[in-house]
K.L.:
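Take this structure, written in structure tokens, and hold onto it; I'll ask about it next.
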Amino acid sequence: SQTIHQWPATLVQPVGSPLSLECTVEGTSNPNLYWYRQAAGRGLQLLFYSVGIGQISSEVPQNLSASRPQDRQFILSSKKLLLSDSGFYLCAWTLDRGIPYTFGSGTRLTVV
Amino acid sequence: AQSVAQPEDQVNVAEGNPLTVKCTYSVSGNPYLFWYVQYPNRGLQFLLKYITGDNLVKGSYGFEAEFNKSQTSFHLKKPSALVSDSALYFCAVREGSSGDKLTFGTGTRLAVRP
């Protein structure tokens, strides 16, 4: 069966420090992968998506970047965190439009 | 561009009563519609989807949703609410272009009182 792993679960980082959040999917091949951010426990904002290795599309200009070094690995990064980067980050995958997204359990990032 | 509207920030209902969480959408072409539920500090869990076929779709935990093309709505319903249904509910629509991006509504918090 397919599973998605996202870590760490919580993270507290100082302003100006780097960031690396990792998401991996098991049990499937060539998934579409997504990073969402949820602010204030409500709306979800799509940050990046990827349809294949090395293929990254950015939805909003920001302080973050994403990479997909392997088929089932999706990484969210920042060189220097800002206070406004705080939020709940969710990774998700799917195979095609008829299949619902499966979400990871999320990472709570607090920038102090 | 596609969009989803959830007009209610919060819905309050007594346990045992029916519940409805509203969702309207705007999308070019045929919509792919989804409902997700989120419990505190957790990822989103899939409840149900409409792709094609019967306008009434049944999902997990006794939830169902009715697709209404003329009203561009996809309201979530349950005949008898449980306290454990209290959570944040998201409606979402899928775009058919590259990447199959999912656009979410702003969420509706459901509070079921005993």
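In the text below, chain A, chain B and the rest are named by the order of the sequence lines, each starting its count at 1. Computation of the quantities below employed the complete heavy-atom set of this structure, encompassing side-chain atoms and omitting hydrogens, waters and symmetry-equivalent molecules.
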K.L.:
Side-chain heavy atoms under 4.5 angstrom apart, residues restricted to Ile, Leu, Val, Met, Phe, Trp, Tyr: same cluster for A:Val60 and A:Tyr89?
P.N.:
yes

K.L.:
Report whether A:Leu64 and A:Val112 are members of the same hydrophobic cluster (ILVMFWY, side-chain heavy atoms less than 4.5 Å apart, transitive linking).
P.N.:
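No; A:Val112 is not reachable from A:Leu64 via cluster members.
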
K.L.:
So do the side chains of B:Arg42 and A:Phe88 get within less than 4.5 Å of each other, counting heavy atoms only?
P.N.:
no

K.L.:
Does A:Tyr101 offer a backbone N or O that forms a donor-acceptor pair with the side chain of B:Tyr36 under 3.5 Å?
P.N.:
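Between the backbone of A:Tyr101 and the side chain of B:Tyr36 there is a qualifying donor-acceptor contact (under 3.5 Å).
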
K.L.:
Do other residues, nucleotides or ligands put more than 12 heavy atoms under 6.0 Å from B:Tyr39 OH?
P.N.:
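Yes.
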
K.L.:
Is it the backbone or the side chain of B:Thr52 that comes under 4.5 Å from a heavy atom of chain A, or both, or neither?
P.N.:
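Neither part, no heavy atoms under 4.5 Å.
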
K.L.:
Nearest heavy-atom pair of B:Lys101 and A:Tyr34: which atoms, and what distance?
P.N.:
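The answer is CA-CE2, 4.3 Å.
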
K.L.:
Please tell me whether A:Ile4 and A:Ile75 are part of a single hydrophobic cluster in this structure, the criterion being side-chain heavy atoms less than 4.5 Å apart.
P.N.:
no

K.L.:
Is A:Leu11 reachable from A:Val15 through a run of I, L, V, M, F, W or Y residues, each pair having side-chain heavy atoms under 4.5 Å apart?
P.N.:
yes

K.L.:
Between chain B and each of A:Thr10, A:Leu90, A:Leu44, count heavy-atom pairs under 4.5 Å; write down the option with the most.
P.N.:
A:Leu44

K.L.:
Above 12 or not: heavy atoms from other molecules or residues under 6.0 Å from CG of B:Asn17?
P.N.:
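Result for CG/B:Asn17: enclosed.
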
K.L.:
Return the minimal non-hydrogen interatomic distance between B:Phe90 and A:Gly43, and the atom names on each side.
P.N.:
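That would be CE2-CA, 4.4 Å.
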
K.L.:
Could you give the distance from CD (B:Gln45) to CZ (A:Phe103), rounded to the nearest 0.5 Å?
P.N.:
11.5 Å

K.L.:
Same cluster or not: B:Val57 versus B:Tyr61, using hydrophobic residues (I, L, V, M, F, W, Y) connected whenever any side-chain heavy atoms lie under 4.5 Å apart?
P.N.:
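Same hydrophobic cluster.
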
K.L.:
For B:Phe104 and A:Tyr36, I'd like to know if the aromatic rings sit close, meaning centre-to-centre distance below 6.0 Å.
P.N.:
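B:Phe104 vs A:Tyr36: aromatic centres under 6.0 Å.
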
K.L.:
Is A:Glu59 close to chain B through its backbone or its side chain, or both, or neither, when contacts mean heavy atoms under 4.5 Å?
P.N.:
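The side chain, not the backbone.
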
K.L.:
Side chains of A:Leu46 and B:Leu102, heavy atoms from C-beta outward: is any pair under 4.5 Å?
P.N.:
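Not in contact.
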
